[in-house]
Number of protein chains: 2
Amino acid sequence: MQQHLPTIIDIARQLGISKSTVSRALTAHPNVSAKTRQRVLELAEQLDYQRNQLAISLLTNQTRTIGIMVPEFISFFFPKVIIGAQEVLAEAGYNVVICHSNESYETEVENAKALLASRVDGLIVSHTKETRNFDHFRIFQRKGVPVVFFNRVCEDMNVSKVTVNDYDGAFRAIEHLIQTGRRRIAHLAGPDSLPNSRNRLNGYRDALRHYGIAEEPELVISYDLTLEKANIYVNHLLNLPQPPDALFTINDPTAIEALKVIKSRGLRIPDDIAIVGFSNDPISALVEPGITTVSQPVSEIGQQAAALLMEQITDKDNTVPPRTIVLETQLIIRGSTVH
Amino acid sequence: MQQHLPTIIDIARQLGISKSTVSRALTAHPNVSAKTRQRVLELAEQLDYQRNQLAISLLTNQTRTIGIMVPEFISFFFPKVIIGAQEVLAEAGYNVVICHSNESYETEVENAKALLASRVDGLIVSHTKETRNFDHFRIFQRKGVPVVFFNRVCEDMNVSKVTVNDYDGAFRAIEHLIQTGRRRIAHLAGPDSLPNSRNRLNGYRDALRHYGIAEEPELVISYDLTLEKANIYVNHLLNLPQPPDALFTINDPTAIEALKVIKSRGLRIPDDIAIVGFSNDPISALVEPGITTVSQPVSEIGQQAAALLMEQITDKDNTVPPRTIVLETQLIIRGSTVH
DNA sequence: CTGTTAGCGCCTTCAG
DNA sequence: CTGAAGGCGCTAACAG
């Protein structure tokens with residue numbers, strides 16, 4: 001049972017002074033005598049006094065809290081982004097509330113409402129793969145609470161965003177496969193609703209075209225990012241009359257699932273089929289062979305998102321327009337494509 | 001720039017009624033006419049009205065928010081625990097604030113202060129490996145805010161706890177190694193300050209004793225859980241005049257680090273040396289060979305911790321004493337110990 | 001340097 | 001069924 005917590009009034013009464021003076025002493029306000037401050041601080045210490053942030057937030061209309069919404073945080077990507085963002089936000093004196101939606105649109109909407117009700121000062125978001133309607137984020141914008149998207153961004157909202165050059169990353173991945181002799185390159189693509197999926201797919205297509213390789217529709221499969229489906233589609237590709245000699249997957253977990261399937265069928269990697277993933281998940285270096293992958297500057301994504309958010313928050317007059325930062329990727333070559 | 005958000009007063013004024021009535025309509029209080037409620041709800045919807053949780057929390061002295069503090073959340077363990085806890089807490093109508101300390105005691109203390117200031121209704125904690133002083137948690141207890149520990153627990157505090165049977169898990173891991181013919185079994189142990197490290201070490205020792213194998217002091221190394229040190233100590237063990245024929249590590253990341261070192265030296269696993277980890281990190285199934293490991297019911301740890309916390313929070317009269325739940329582990333046998 | 005007053009947004013008595 | 005008043009804990013003018 002929560003007991004009565006000491007307030008400035010308790011301190012004031014015990015010291016026979018007014019609560020304003022206590023408040024001033026506690027907030028290091030200049031207009032307090034050293035002696036009074038000393039007495040207040042001592043008693044506060046003794047009583048285990050802790051300022052009530054709720055009252056302050058209510059009064060000042062700012063919580064110094066930032067909400068971070070992600071679709072999941074089991075894979076390494078989102079936790080790393082969050083840590084990067086926290087570095088920057090902590091520096092600026094902001095706390096962080098993390099919400100994950102388990103890729104559920106409904107949960108995402110609920111989380112957004114909770115964050116709005118608790119009056120966060122800003123929002124950093126990567127939305128679920130189900131999200132088509134962005135009204136729950138638009139409310140923030142309408143209320144003057146800055147929003148920054150990263151990774152999965154809403155193209156229709158005029159807010160700051162941080163992405164990576166997915167197109168270029170995919171292009172160079174495919175280029176690498178072609179240069180190492182592959183010709184039937186399959187692509188396990190993400191949902192068409194996600195801009196980063198589309199960009200990677202476009203990079204794939206343009207690379208094939210650039211090198212004069214005809215795209216085979218049967219080699220491009222868009223799926224829902226679940227490993228169950230990944231498993232099914234990899235098997236499907238391998239069962240084709242003319243199976244692919246390379247596979248480019250939307251992310252590393254999928255690449256690893258593919259690796260498992262391929263190995264279980266007794267095929268050799270990279271001899272029979274090469275694999276390229278995306279994101280450089282630490283796991284991709286640990287499996288055998290290591291997975292060639294497109295690395296993203298994960299922690300920098302978080303830092304930049306936080307920086308863009310702070311830019312909007314400190315911009316009291318709304319003079320700084322939202323910006324989009326696109327970070328570059330890097331191809332990490334491992335044993336899944338070359339010996 | 002944050003603009004003025006609509007309040008019940010705005011609604012009251014526009015409707016020409018009092019704010020009390022608006023409040024009643026919004027909170028589904030019985031004493032409001034259906035028509036009035038209807039009008040209020042409509043206008044609220046139209047204005048995008050969102051209750052100010054800060055004001056409510058200040059008034060009711062409860063935030064319906066639970067703080068979860070973990071030392072890190074890059075590995076799969078803590079995120080999974082958090083998700084498990086969230087399931088239970090969401091069900092009970094509680095929100096969650098997640099803090100990670102990066103294994104830094106200082107950050108942990110700061111986070112605790114921030115959570116106290118923001119008046120969380122309860123705390124779920126796994127502390128850093130540096131934490132020796134638990135005063136920052138005792139404050140919560142003293143203030144009547146329930147605390148539940150999991151995984152890394154403070155033995156001196158009389159609060160609810162969730163752990164696994166580390167002793168038994170370790171015992172059976174060593175038993176398995178002995179039964180598969182190993183005799184020089186090394187143990188890379190965690191810091192002596194962590195009870196779960198000590199319990200695993202004791203399980204290791206008792207298993208050796210039980211099977212009449214003398215413990216070799218040179219085969220037991222306590223270290224700080226960093227992979228750099230793990231690397232050094234694995235090399236050290238392999239350089240011994242009589243190297244071990246098995247290695248039991250405090251966790252799976254360490255086991256995988258060991259696996260890398262061992263393979264890079266051209267030794268065969270499990271023929272030359274066997275490895276057993278702890279926790280059943282998904283990665284341990286993906287490396288080659290798969291790592292034999294002691295599985296913990298991760299998500300259940302979170303669920304139980306949340307349940308114990310709710311038990312304390314709902315116990316208004318302080319009649320329910322804190323409880324400790326010890327969950328059982330399971331030995332998962334893979335290629336790192338047997339063919 | 002200190003005290004007084006007002007108010008942040010809301011819920012909850014207490015009167016009508 | 002509705003309105004008025006009080007107060008949660010704190011800060012920020014405004015007076016002394």
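Letters go in sequence order (proteins before strands), and every chain restarts at 1. All values below were derived from every heavy atom in this structure, side-chain atoms included, with hydrogens, water molecules and symmetry-related copies excluded.
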Check: Between which nucleotides of DNA chain C, read 5' to 3', does contact with chain A run, using atoms under 4.0 Å from its heavy atoms?
Finding: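 Contact span on the strand: C:dC1 to C:dG9.
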Restricting to salt bridge (charged side-chain N to carboxylate O under 4.0 Å, His left out), what partner residues turn up for [X], sequence neighbours left out?
| X | result |
| --- | --- |
| A:E45 | none |
| A:R37 | none |
| A:D156 | none |

What does [X] touch in the nucleic acid at a heavy-atom separation under 4.0 angstrom: a base, only the sugar-phosphate, or nothing?
| X | answer |
| --- | --- |
| A:T7 | sugar-phosphate |
| A:S20 | base |
| A:T27 | sugar-phosphate |

Margin query: For A:E155, is there an ion pair with A:K161 - N to carboxylate O distance below 4.0 angstrom?
Written below: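 No, this pair does not count.
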Item checked: Pair B:D48 + A:R142, salt bridge at N-O below 4.0 Å ->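 The answer is yes: the pair qualifies as a salt bridge.
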Check: In terms of heavy-atom contacts, does CD of B:E106 have more than 12 from other residues, nucleotides or ligands at under 6.0 Å?
Finding: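 For B:E106, atom CD is not crowded (no more than 12 foreign heavy atoms under 6.0 Å).
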Next item on the list: Kindly check if the number of other-residue, nucleotide or ligand heavy atoms within 6.0 Å of CZ (B:R39) is above 12?
Entry: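 No, because the 6.0 Å sphere around CZ of B:R39 holds 12 heavy atoms or fewer from other groups.
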Which pairs would a plain distance check flag for residues 87-95 of chain A, meaning a side-chain donor or acceptor within less than 3.5 Å of a matching protein atom at least two apart in sequence or in another chain?
unit_1	atom_1	unit_2	atom_2	d
A:E87	OE1	A:Q303	NE2	3.0

Margin query: If you take any heavy atom closer than 4.0 Å to DNA chain D, which residues from residues 45-58 of chain A end up in contact?
Written below: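 Residues of residues 45-58 of chain A under 4.0 Å from DNA chain D: A:Y49, A:R51, A:N52, A:A55, A:I56.
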Checklist line | DNA chain D contacts made by residues 35-42 of chain A, counting heavy atoms under 4.0 Å | finding: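 Those residues whose heavy atoms fall under 4.0 Å from DNA chain D, taken from residues 35-42 of chain A, amount to none.
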Margin query: Applying side-chain hydrogen bond (donor to acceptor under 3.5 Å, both in side chains), can you list everything that pairs with B:H100, at least two apart in sequence or on another chain?
Written below: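 Counting only residues at least two positions away or on another chain, B:H100 forms a side-chain hydrogen bond (donor to acceptor under 3.5 Å, both in side chains) with A:Q86.
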Checklist line | Partner set under side-chain hydrogen bond (donor to acceptor under 3.5 Å, both in side chains) for A:Q46, not counting sequence neighbours | finding: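 Checked A:Q46 against side-chain hydrogen bond (donor to acceptor under 3.5 Å, both in side chains); zero matches.
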Check: Got a minute to check which stems DNA chain C is part of, using Watson-Crick or G-U wobble pairs under 3.5 Å, three or more consecutive?
Finding: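 DNA chain C stems, ordered by first number: C:1-16 with D:1-16.
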Check: Would you say the ring centroid of A:F137 lies under 6.0 angstrom from that of A:H127?
Finding: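 No, ring centres 6.0 Å or more apart.
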Check: Between B:H136 and B:Y105, is a ring-ring contact (aromatic ring centres under 6.0 Å, His included) present by the stated rule, with each step listed?
Finding: CA-CA 10 Å; B:H136 51 303; B:Y105 169 71; 5.5 Å; yes
Notebook entry, point to check: What is the 5' to 3' range of DNA chain D, first to last nucleotide, that sits under 4.0 Å from any heavy atom of chain B?
Noted result: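 Using the under 4.0 Å cut-off, the span is D:dC1 to D:dG9.
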Next item on the list: Examine distances only and state if a side-chain atom of B:R152 and a backbone atom of B:F149 form a donor-acceptor pair shorter than 3.5 Å.
Entry: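 Flag not set: sc B:R152 to bb B:F149 has no pair under 3.5 Å.
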Checklist line | Test side chain to side chain contact (heavy atoms under 4.5 Å, CB included) applied to B:P79 and A:F76, A:F78, A:F73, the passing residue | finding: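 The side chain to side chain contact (heavy atoms under 4.5 Å, CB included) with B:P79 is passed solely by A:F73 among A:F76, A:F78, A:F73.
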Donor-acceptor contacts under 3.5 Å from residues 16-23 of chain B side chains, at least two apart:
unit_1	atom_1	unit_2	atom_2	d
B:S18	OG	B:S20	N	3.4
B:S18	OG	B:T21	N	3.4
B:S18	OG	B:T21	OG1	3.2

